[in-house]
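To find a chain, count down the sequence lines: A is the first, B the second, and so on, and within it residues start at 1.
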There are 4 protein chains.
Amino acid sequence: MGKRKDNNKYYRIIQAATKIFARKGFYQAKVSDIAKEAGVADGTIYIYFENKDDILISLFEEQMQMVLDNMLSELAGISDPADKLTHFARTHLKLVEENKDVAEIIQVELRQSSKFMKEYKNEKFAKYLNIIADIIREGQDKGIFRKEVMPGVAKRAFFGALDEMSRFWVLSSRKEYDINTAAHQISSYFLQGIRA
Amino acid sequence: MGKRKDNNKYYRIIQAATKIFARKGFYQAKVSDIAKEAGVADGTIYIYFENKDDILISLFEEQMQMVLDNMLSELAGISDPADKLTHFARTHLKLVEENKDVAEIIQVELRQSSKFMKEYKNEKFAKYLNIIADIIREGQDKGIFRKEVMPGVAKRAFFGALDEMSRFWVLSSRKEYDINTAAHQISSYFLQGIRA
Amino acid sequence: MGKRKDNNKYYRIIQAATKIFARKGFYQAKVSDIAKEAGVADGTIYIYFENKDDILISLFEEQMQMVLDNMLSELAGISDPADKLTHFARTHLKLVEENKDVAEIIQVELRQSSKFMKEYKNEKFAKYLNIIADIIREGQDKGIFRKEVMPGVAKRAFFGALDEMSRFWVLSSRKEYDINTAAHQISSYFLQGIRA
Amino acid sequence: MGKRKDNNKYYRIIQAATKIFARKGFYQAKVSDIAKEAGVADGTIYIYFENKDDILISLFEEQMQMVLDNMLSELAGISDPADKLTHFARTHLKLVEENKDVAEIIQVELRQSSKFMKEYKNEKFAKYLNIIADIIREGQDKGIFRKEVMPGVAKRAFFGALDEMSRFWVLSSRKEYDINTAAHQISSYFLQGIRA
DNA sequence: TATGAATGAGAATTCATTCAT
DNA sequence: CATGAATGAATTCTCATTCAT
């Protein structure tokens, strides 16, 4: 792929960028901030990444892969589609809580203007959403969920509900509701909402 | 008064900024782009706004006020809380469709890191969310919605579901689902999900 | 002369400019600051003055004329050249004390770069210095002052001594020495220095 | 160290700024003029200096240190206070003649409004003046100068006399008097003026 | 590979001056 | 004469990126 990941500096820079982008936002973050945080020289960044945009893109790819892998392994042992959705919610929110920086970047920067949401085909994110769609289809096949539910709409509704809840956590300091409560509430509305 | 709105140039600049910010994003947009679009000199911007940030903040305030007023008047004649939620969904999505630029900015720029979501207390947006919470509480009082539903969580879940759907529209060109279908689906999951 | 002084606004603007230039310096002062201080509109300034430079030039001319007239009338009744010098010193320092703003501008702005000390022929200031040279020549003719004293050098030495003392007053808040002490000291060194 | 002086670019920029500020004055001088004169890129200036003000401040510090060191070494071998003052005058005026640019900046810009004479504590200049005060005190101790001479006034009178003479040189092209004549005249008035 | 000093294009903002009212 | 909103030229400073060491 032409990208040097062999050296651990690649990952150190990704980690540093995650922290800096989360704290300042993409446009406010300086490449030299990331270099300093990673403990490398400014120029070293350009050995591992094409440019500043590429740091963000790579960060997404790496972190989304981690999120994706984690979610798939969490759901692996569960067979009931309803349980899967409940567990998806809990896992997603727990992940947000445990990886504030990653969550904030995905929340905030990923949604940012043209440069990223428009020009960059975020396939990992699409896959993540499709985990939900697949569970719904599976549930419909098993007769658990209503046939008229449209998976393409429902996946967004379910993800959006979780996501808005996360934003609240990411952007506010106080925590009015704990994760389990929120995860339970949201999956219960949704499950009851689509149940046959 | 601190801000000169008496002159229509204030609104012309807001309109121009809405268009430019939606197209390029806040950081990519040049003040001179906005000036050109508004048909005024660069310096004129600074008669009506403190600086570039202030254009965005003012834009939010003005547009959110419009959105808020519109929603309240749409819901005015409806008494049944379930109908209100359904109509909220339809109105919200229609608004997004009819005001792509405004929607995109609220979607994308409003979520942008520290500068805006953290430092800027977005009270108009909080009010908008609270329209949903109020409807839910009203429904609980009337015994239509389950008592254990937490309005603070549910308002975010419902808004998040709509919002994720909107993002899909705003950021993609093709439209797989029409508004009414999406609005109907989402409000039906949700209503069934919280119904007593 | 093409300059409208008939209206008292001309003088109000000069007064305002004196205050503003003294406080902020020529380049830091905004024409609109002066307009506000004078209680006129920005555009009005340009009815009475060519441009910002012209305000400063006019201010010098007017204020130096005042200083010149004042000094000449103060010295009018004195016949002894030594007394004249002593009185020049006292009058000069008293004037500085009583017209801090004017003094500060002459001290500071008049000396400023090319624009003013180089391109602007400051004839009033030359006349002021020549009052001293004339007194010295008069004293030499009367045999009071040494013949080898060069009036062109001595006038600058005497004025410079007074001027440096003034700067100290203008720029510092505390006053270590009072006017009469300083005037007396300086004129006594100088008189004894040039006496035959 | 906070400021990188290790590289000779620091001094090249100081030299360039000295030339440009002398020619155009601080406010008229563009940072890019200085960069061009120094043969570096605009941005390079900001590696060595905080901002434009800092260039001027640093220039003062460096050049005044040079002036100070030069004066102290010139006076080192002289024991008689009267001779010291005479030599001070000659050295000062020679320095002015040989460093027109430096002299002009110290003459003109240093005196400039609030930004520099008020907010910037010019300690090097104070030290320079105190060389004179110290000589006068020494002379008083040795019984050569009159006891009633106030060193705090006299140092300003002497320096002011020299300074006004320098201004004349710096700002005019023609030279009516040569250095030695002027230095001799001024120190002779002054010495005779304060002698016991 | 790694460095970090140097580069220079780019953008926000200011403010003297104008001119329609 | 007087106004003050509008203009737009001008300038400082930033920072992603390069490249000689």
Worksheet item: Given Watson-Crick or G-U pairs with both distances under 3.5 Å, what dot-bracket string fits DNA chain E, with | for other-strand pairs and [ ] for crossing?
Response: .||||||||||||||||||||
Response to the item:
From CD1 of I13(C) across to P of dC1(F) the rounded distance in Å is 12 Å
Worksheet item: Over how many whole Å does the gap from I45(D) atom CD1 to dT7(E) atom P extend?
Response: 10 Å
Worksheet item: What residues, two or more places apart in sequence or in another chain, satisfy salt bridge (charged side-chain N to carboxylate O under 4.0 Å, His left out) together with K9(A)?
Response: none
Response to the item:
Letter by letter from the 5' end, nucleotides 11-21 of chain E scores (B base, S sugar-phosphate only, - none; protein heavy atoms under 4.0 Å) SSBBSSBB---
Response to the item:
Taken in chain and number order and not counting sequence neighbours, the residues that satisfy side-chain contact (heavy atoms from CB on, under 4.5 Å) with E62(C) are K5(C), Y10(C), Y11(C), I14(C)
Worksheet item: Residues two or more places apart in sequence or in another chain: which of them pass salt bridge (charged side-chain N to carboxylate O under 4.0 Å, His left out) with K30(B)?
Response: none
Worksheet item: Between dC1(F), dA5(F), dT3(E), which nucleotide gets closest to the side-chain atoms of K9(A)?
Response: dT3(E)
Practice prompt. Return the set of residues passing salt bridge (charged side-chain N to carboxylate O under 4.0 Å, His left out) with K36(B) (not counting sequence neighbours), or none when no residue passes.
Written response: none
Fill in: Under the side-chain contact (heavy atoms from CB on, under 4.5 Å) test, residues paired with A103(B) that sit two or more places apart
V96(B), V170(B)
Item to complete: May I have the distance from N8(B) (atom CG) to dA5(F) (atom P), rounded to whole angstrom?
Response: 14 Å
Response to the item:
DNA chain F nearest-nucleotide lookup for A41(C) and A41(B): closer to the 5′ end is A41(C)
Item to complete: Mind checking side-chain contact (heavy atoms from CB on, under 4.5 Å) for V102(C) and listing every partner two or more places apart, or none if nothing turns up?
Response: T18(C), Q63(C), N99(C), I106(C)
Fill in: Nearest-Å distance for atom pair OH/P, residues Y10(B) and dA6(F)
15 Å
Practice prompt. Go through the structure and list residues passing salt bridge (charged side-chain N to carboxylate O under 4.0 Å, His left out) with D42(D), not counting sequence neighbours.
Written response: none
Response to the item:
Rounded to whole Å, NZ of K24(A) lies from C1' of dC15(F) at a distance of 12 Å
Item to complete: Identify which nucleotide among dC1(F), dA5(F), dT3(E) has an atom closest to any side-chain atom of Y48(C), counting heavy atoms from C-beta outward.
Response: dC1(F)
Worksheet entry | Cation-pi geometry met for K52(D) and F26(D) (6.0 Å, 45°) | yes
Discussion item. Measure CG/D54(A) against P/dA16(F) and give the value in whole Å, please.
Written reply: 14 Å
Worksheet item: Are I57(B) and F49(B) close enough, and set up right, to give a side chain to side chain contact (heavy atoms under 4.5 Å, CB included), and what steps lead you there?
Response: CA-CA 10 Å; I57(B) 299 287; F49(B) 301 88; over 6 Å; no
